[in-house]
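Note sheet for the following structure.
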Amino acid sequence: MNVPLLDLKAQYVTMKDDLDAALLRVAESQYFIMGPDVTELEAQMCEFLDAKKAIGVSSGTDALLIALMALDIQPGDEVIVPTYSFFATAGVVARLNATPVFVDIDPVTYNIDPKDVERKITSKTKAIVPVHLYGQSADMEPIMAIAKAHNLKVVEDGAQAISVQYKDGKKVGTIGDIGCYSFFPSKNLGGFGDGGLVVTMDEELGEKLRIMRVHGGKPKYYHSMIGGNFRLDAIQAAVLKVKLPHLDGWSEKRRENADLYTKLFVEAGMAEGTGKTEYDANNKVLLPEAVYKETGHKNYHIYNQYVLRVGDKRDGLRAFLKENGIGNEVYYPVPFHRQDCFSYLNANDADYPHSNAAAEESIAVPVYPELSKEQIEYVVSKVSEFLNK
Ligand SMILES: *Cc1c(COP(=O)(O)O)cnc(C)c1O
């Protein structure tokens, strides 16, 4: 059996006519950059995310970059980021000649550890960038409290978490000052190329982001600020408008797939349940959990990635799954504090035990909405077969 990590074609065929019509409509309009499709998408996103302002941008990376620019992050400022995330989270900080300051993660949710955030604050700290990794909210309540106490800005990296809810059903991205999303094709809401979105509850900041998206000129060619070309293409907006009404349904399917994985791993005697942290004879695989232990907050997890922990068998398991036609990936093999490009920061490796362990022990297996029950059963049987060897 073949189970790819992601099967975009399986999604495309379910809505091919609508998507093809949207593409043709853009071709016939010859309106390629911004325009009415982008404006309509932004309005729909405001409503969907309960945000005051939504501004379509060129990618999730650019969403993070423009957010930090709009918050006036300056060279030498410190910006706190989890060390365990996609590269862009830290890359954008360094691109502004600000200093990324790395913090460790919660060992169960893989999200930024608020206690470590507090430890890393200095007089130079200007902002925190919590990441809602794999599709579940970072623990925003303590992070917002820390930000308030120290007068820091908060930029939420929600690239993997569009439509994710924190406690009380609040959508992530609208809790901090600016929320950032990506429409990269592998994200839960993916375009036909690069795209992104920033959202904010602050009207003035929204206006600033809108101006900075087009080089910072207002009126055009008159610059009181420096922005960039952060525009979203009409083709992406047209595609995303077709897909948006399906997003909640896809998230539900991903959640059902995750629940099925849990049930099958438990039935196979491979795990006692979710959220375990120790390997033993009854827990050969550690399953993802959507609850914060300290606060008991249960998250609405949308599983952009379904990540297992298998200890030192990880690399062997990867090869075995590949041989058996099962796609898998490691998100992420090298935390930021171990990246060559950040060696100048002289981070102490021993400060990041949970991120280091996650990088060494974790493996993402297929969880996309169109998976069949048989495919999930097959993945569980092959993972179990290898770990029982
Ligand atoms: C994908 C991703 C980004 C970057 O988004 P792009 O659209 O690929 O530029 C940033 N942060 C995280 C956590 C991501 O997963």
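Computed from a predicted model, the values in this text were never measured in an experiment. Only heavy atoms go into these numbers, but all of them, side chains included; no hydrogens, no water, no symmetry mates. Whatever order the structure lists them in is the order used to number ligands and atoms, beginning at 1.
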Quick one: table the atom pairs, ligand 1 N or O against protein N or O, below 3.5 Å, distance rounded to 0.1 Å.
residue  : atom   : partner : partner atom : Å
ligand 1 : 5 (O)  : S182    : OG           : 3.3
ligand 1 : 7 (O)  : G60     : N            : 2.8
ligand 1 : 7 (O)  : S182    : OG           : 2.6
ligand 1 : 9 (O)  : G60     : N            : 3.4
ligand 1 : 9 (O)  : T61     : N            : 2.8
ligand 1 : 9 (O)  : T61     : OG1          : 2.5
ligand 1 : 11 (N) : D157    : OD1          : 3.3
ligand 1 : 11 (N) : D157    : OD2          : 2.8
ligand 1 : 15 (O) : Q160    : NE2          : 2.8
ligand 1 : 15 (O) : K187    : NZ           : 2.6

Indicate yes or no: does K52 engage E47 in a salt bridge with an N to O separation below 4.0 Å.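 E47 and K52: not salt-bridged.
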Evaluate the salt bridge (Lys or Arg N to Asp or Glu O under 4.0 Å) criterion for residues D315 and R318: first the C-alpha distance (whole Å), next the side-chain angles of each, then the deciding distance (0.1 Å), finally the verdict. CA-CA 5 Å; D315 292 338; R318 288 202 69 188; 5.6 Å; no
Ring centroid separation F102 to F342 under 6.0 Å: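 Ring centroids of F102 and F342 are less than 6.0 Å from each other.
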Looking at the rings of Y303 and Y134, which for Trp means the six-membered one, are their centres under 6.0 Å apart?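 No, the ring centres sit 6.0 Å or more apart.
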Is any side-chain heavy atom of R210 closer than 4.5 Å to one of K218?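 K218 vs R210: side chains apart.
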Assign the ring pair Y332 / F86 to parallel, tilted or perpendicular, where the plane angle (0 to 90°) is split at 30° and 60°.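 Rings of Y332 and F86: tilted, as their planes differ by 30° to 60°.
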